[in-house]
Amino acid sequence: MLQNVVSRVQNQHKWWFFIGVLFVVIFFVVPICRLVFLSFSSEGGFTLGNYNSVLQDRSTWKTIEHTLYVVGGSSIIAIILGVIMAWVVAYTNIRYKQLLQTFIFLPFIIPSYITTLAWTQFMSKDGFFAHLVSMLLGSIEPLNMYSLQGIILVMGLSHYPLVYLLTVSVLRKIPRDLEYAARVSGSSKWQSFKKITLPLALPGIASGGFLAFISSLDNFGIPAFLGIPGNIRVLSTYIYEQIVGLGPNSFERAATLSVILGVIALSGTAIQWLLLKKSKHMETAVEDKEPRFLFSKRTRLTIELLLWSFLLVTTLVPLLSMLSASLIKAYGLPFAPENISLKNYQFVLLENQKAITSLKNSANLAMVTTVICLVIGTAIAYVRTKMPSLMTKGLEMIIGIPYALPGTVLALAMIFAWIEPIPGWNPGIYGTITILFIAYVTRFLILQVRGSITAFMQVDPSMEEAARVSGSNGFYKWKQILMPLILPGVISGALLVFLTALTELTVSSLLWSSGTETIGLVIFNFEQAGYSTYSTAFSSIVVLLILLAFTLVAILQKLWDRRVLRHEHSD
Amino acid sequence: MSTQIKNVEKRFGSFQALQQINLEIKEGEFVAILGPSGCGKTTLLRILAGFDSPSSGEVLVNNKLVANETSFLPPEKRNIGMVFQSFALWPHMNVRDHIRFPLKHHQFLNEDHKSSIHQRVDEVLKMVDMDHLGERMPSELSGGQKQRVALARAIAPKPGLLLMDEPLSSLDAELRMGMRKEIQQLHHVTKASIVYVTHDQTEALAMADTIVVMNKGKIEQVGTPKEIYSSPTTPFVASFVGKANVIKGKWEGTTFSPFDQHSIKWDGTAVTEELREKNLFPARPEQLEISYHADGVKGIITNVQYQGKEIHYTVMVEGEQWVVHQDVFTKFSIGDEVYVHLKEWHDRRNIGEKNQLLFV
């Protein structure tokens with residue numbers, strides 16, 4: 001009897017494992033292989049000719065130069081802002097840190113193309129910024145957003161939350177005794193920061209910096225909105241233009257550029273990963289959230305004022321400029337009571353067929369992607385935490401590649417892989433919404449896998465073992481023990497997948513076809529056609545939806561915490 | 001329920017976690033597996049539970065095979081209960097839910113309890129003295145109360161074998177003493193076989209019928225608490241359980257001369273054959289005594305620790321550190337030159353003196 005029960009279980013394991021590997025190969029490995037393959041092929045067979053011609057093209061080098069400026073400049077801004085914010089929040093005694101943190105995360109939650117729109121409205125000739133400056137300093141021209149500086153500024157502001165996030169946890173995990181020991185040994189405050197805290201935090205900061213670097217390389221929305229009108233190209237928009245331009249050899253050229261961009265992005269990811277691993281070596285287990293630098297009331301107030309005005313000017317005010325632009329009857333009219341109307345909203349929500357379709361499409365895409373990722377991603381996360389072998393680690397890494405690759409690169413790989421999954425056979429996936437489903441699941445699966453892994457890691461293995469010795473290893477173990485325990489973490493992962501899919505622009509801008517427009521694409525098209533009032537109205541709706549979703553999930557989490565972690569008891 | 005472990009080995013890659021383990025757990029027996037961390041005791045417990053499988057060897061329950069090198073029965077298909085080191089309470093369930101869970105799912109539950117789960121929950125709550133706290137959540141319980149819930153959950157379905165993985169190690173010292181009594185009482189009431197893993201020799205000595213001492217993946221000695229404590233068969237058991245000084249020297253029959261000093265003769269009738277063959281004498285700190293009389297092994301005091309009811313001395317003898325526990329009436333200081341002798345021999349002389357007094 002024993003032999004029967006157990007050998008069957010083992011066979012089942014092998015079977016599932018085989019399916020898993022097959023899934024990963026088909027959806028993750030093959031598309032990337034095809035992309036690389038295409039970059040090396042011409043009508044005559046294998047060739048390096050594509051690389052030759054791309055690299056000899058002057059416009060390629062101009063693009064690479066711009067990319068370097070944009071990525072370098074925005075990463076520096078992101079690192080400086082991120083580290084300062086992290087230090088202040090982690091170590092000083094300023095108040096309302098929770099609220100502050102919410103505002104820091106705002107540019108991270110809101111899609112970067114909407115932030116861009118907000119900034120273009122904010123910086124427009126008669127926008128808020130111009131009014132503000134003329135009130136304070138007299139007449140100064142606001143910054144022209146359709147320039148390298150404009151791209152760098154918005155990108156830096158969009159990516160500093162990444163640096164902040166990694167740095168703040170590293171700073172909190174450095175034991176305060178280390179700095180005290182330096183002080184007792186005779187060094188000053190500044191010296192002990194420079195010689196103790198900074199070197200220890202450096203891997204974390206560098207890792208955050210690299211994350212900003214990769215995100216800048218990947219970003220399509222900001223250079224597409226600001227660069228294309230001003231004829232400033234970076235690699236991601238250059239690839240996009242190659243594909244939509246449909247010139248001779250355009251697909252081969254795009255593939256070649258994608259491989260170059262992909263290699264840079266993946267090297268960046270590898271370095272970031274190594275740095276993060278290094279910073280984890282010295283971590284103590286717990287984050288120490290108590291302040292270490294106690295400022296006097298006056299200094300504290302000054303710091304708080306500075307921080308809040310910075311945060312309001314960089315997040316809330318641009319969003320409000322966008323909102324006000326969306327409420328104006330016709331573009332160019334001043335923001336005055338007689339010019340305010342809701343007709344732009346009426347247009348995008350009720351009259352414009354494309355906008356209505358895109359809302360349906362994006363909601364549909366986001367929902368289905370979330371559900372598929374939720375099930376598959378959580379299953380993968382479970383296997384990954386229960387069997388931490390080289391094999392499962394490798395699978396996780398492969399699943400992460402489509403997210404680490406720039407969106408334009410992935411979209412191109414998707415086209416090549418699914419236009420003819422088996423050479424000579426076109427099942428009609430490309431050109432329908434199916435290819436968007438596949439691309440989204442491929443790209444965003446890792447977000448759910450990571451979220452669910454974190455959730456499983458927080459559940460002690462003995463929780464599950466206790467259920468098993470109590471006689472349950474199936475439905476009830478999951479329903480009554482594991483699911484309730486992992487739910488909060490899994491839901492945060494799912495929320496991230498949902499919102500990213502809902503507001504996605506890069507991949508859909510290359511994979512859409514008539515009738516499968518997404519929200520991001522419609523906003524992009526409105527903006528390109530010069531309908532700023534419509535694009536801002538639609539963006540305002542999206543921001544509202546995002547905030548609504550977050551509030552909802554936050555409330556649910558609160559309720560959940562209260563149920564599980566009731567501290568006082570009424571006897 | 002009886003359990004037999006036959007020639008069990010476990011390898012993790014190149015690391016040999018268990019070597020040639022042979023053990024029998026009889027119906028109703030309380031077996032303590034005692035050893036330092038990393039000795040393989042938890043691995044053995046996990047094989048007994050079915051969370052791990054042996055690399056070779058067999059496990060039999062009531063003479064039926066439950067695990068060998070090719071296959072094993074998973075924990076949910078075994079008639080067991082388990083108490084975890086971390087308690088493993090489910091944070092989203094109240095105390096009653098914890099006890100109800102195994103009653104609903106355990107596959108060896110007898111029919112009476114299946115039909116009256118509610119009654120059994122009340123009964124078990126009463127057994128662990130938690131009947132007034134049934135509605136509480138784990139976060140509202142103290143350490144000792146959490147421990148009781150963990151115990152209650154494990155015993156509720158009346159498992160044939162109760163496994164305990166260092167269940168008291170996350171409690172403070174005073175609570176530990178109290179919980180020992182309760183575990184003993186539960187053993188008495190439930191009559192289940194218990195395998196109790198611990199690194200604390202006092203816990204094992206106080207509660208177990210049989211102690212299994214493990215070291216480096218091997219069983220060193222199996223015996224009753226008294227046998228393990230007073231008749232160790234290996235130097236490891238002597239030093240780990242009895243905290244004995246393992247002294248080298250020469251045996252002549254049952255007489256021992258430490259460091260070959262023929263002038264000194266210690267009576268070693270109680271020392272096991274195994275240690276005699278290795279030319280060793282296990283002397284527990286309370287068996288030794290120091291004085292300024294030149295009738296023992298010469299040494300110098302290197303450390304003195306006052307403990308209240310006694311003083312712990314460390315004496316450097318022939319390059320080795322011996323520990324001696326002695327009363328607080330005579331005090332020696334660091335650097336004193338002293339002589340160490342065996343107390344039992346001394347005791348007998350005292351009795352002789354007392355007898356003489358009686359005759360006078």
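We name chains A, B, ... by the order of the sequence lines, and we start the count at 1 in each one. Quick caveat, the model's predicted, so the values are computed rather than measured.
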Inset, instruction - Count the heavy atoms of every other residue, nucleotide or ligand shown that sit under 6.0 Å from NZ of B/Lys6, and state whether that count exceeds 12. - result: no
Legend entry - Interatomic spacing from CG in A/Leu482 to CH2 in B/Trp90 - rounded to 0.5 Å: 10.0 Å
Legend entry - Atom group of B/Leu89 that falls short of 4.5 Å from chain A, counting heavy atoms: backbone
Legend entry - More than 12 heavy atoms of other groups within 6.0 Å of A/Tyr96 OH: no
Inset, instruction - Give a yes or no on this: more than 12 heavy atoms of other residues, nucleotides or ligands lie within 6.0 Å of atom CD1 of A/Ile19. - result: yes
Legend entry - Beyond-backbone contact of B/Phe84 with A/Asp460, side-chain heavy atoms, under 4.5 angstrom: no
Legend entry - Over 12 non-hydrogen atoms of neighbours within 6.0 angstrom of NZ in A/Lys386: yes
Legend entry - Most chain A-contacting option - heavy-atom pairs closer than 4.5 Å, from B/Ala150, B/Pro102, B/Pro159: B/Pro102
Legend entry - Interatomic spacing from OG in A/Ser470 to CZ in B/Arg100 - rounded to 0.5 Å: 13.5 Å
Legend entry - Residues, nucleotides or ligands: over 12 heavy atoms within 6.0 Å of B/Glu69 CD: yes
Legend entry - Residue, of B/Ala156, B/Ala88, B/Pro157, that accumulates the most heavy atom pairs under 4.5 Å with chain A: B/Ala88
Legend entry - Considering all heavy atoms, the nearest B/Arg153-A/Ala466 contact: NH2-CB, 3.5 Å
Legend entry - Greatest number of heavy atom pairs closer than 4.5 Å to chain A - which of B/Met82, B/Gln85, B/Lys104: B/Met82
Inset, instruction - Give the minimum heavy-atom separation between A/Ser472 and B/Glu76, together with the two atoms involved. - result: N-CB, 3.9 Å
Inset, instruction - Can you measure from NE2 (B/His92) to CE (A/Met483) and round to the nearest 0.5 angstrom? - result: 11.0 Å
Inset, instruction - Dump the intermediate steps for side-chain contact (heavy atoms from CB on, under 4.5 Å) on B/Phe101 and A/Ile481, then the final yes or no. - result: CA-CA 10 Å; B/Phe101 191 89; A/Ile481 311 294; 3.9 Å; yes
Inset, instruction - Mind checking the CG-NE2 spacing from A/Asn473 to B/His105? Nearest 0.5 Å is all I need. - result: 12.0 Å
Legend entry - A/Glu465 to B/Phe51 - nearest heavy-atom pair and separation: CB-CZ, 3.2 Å
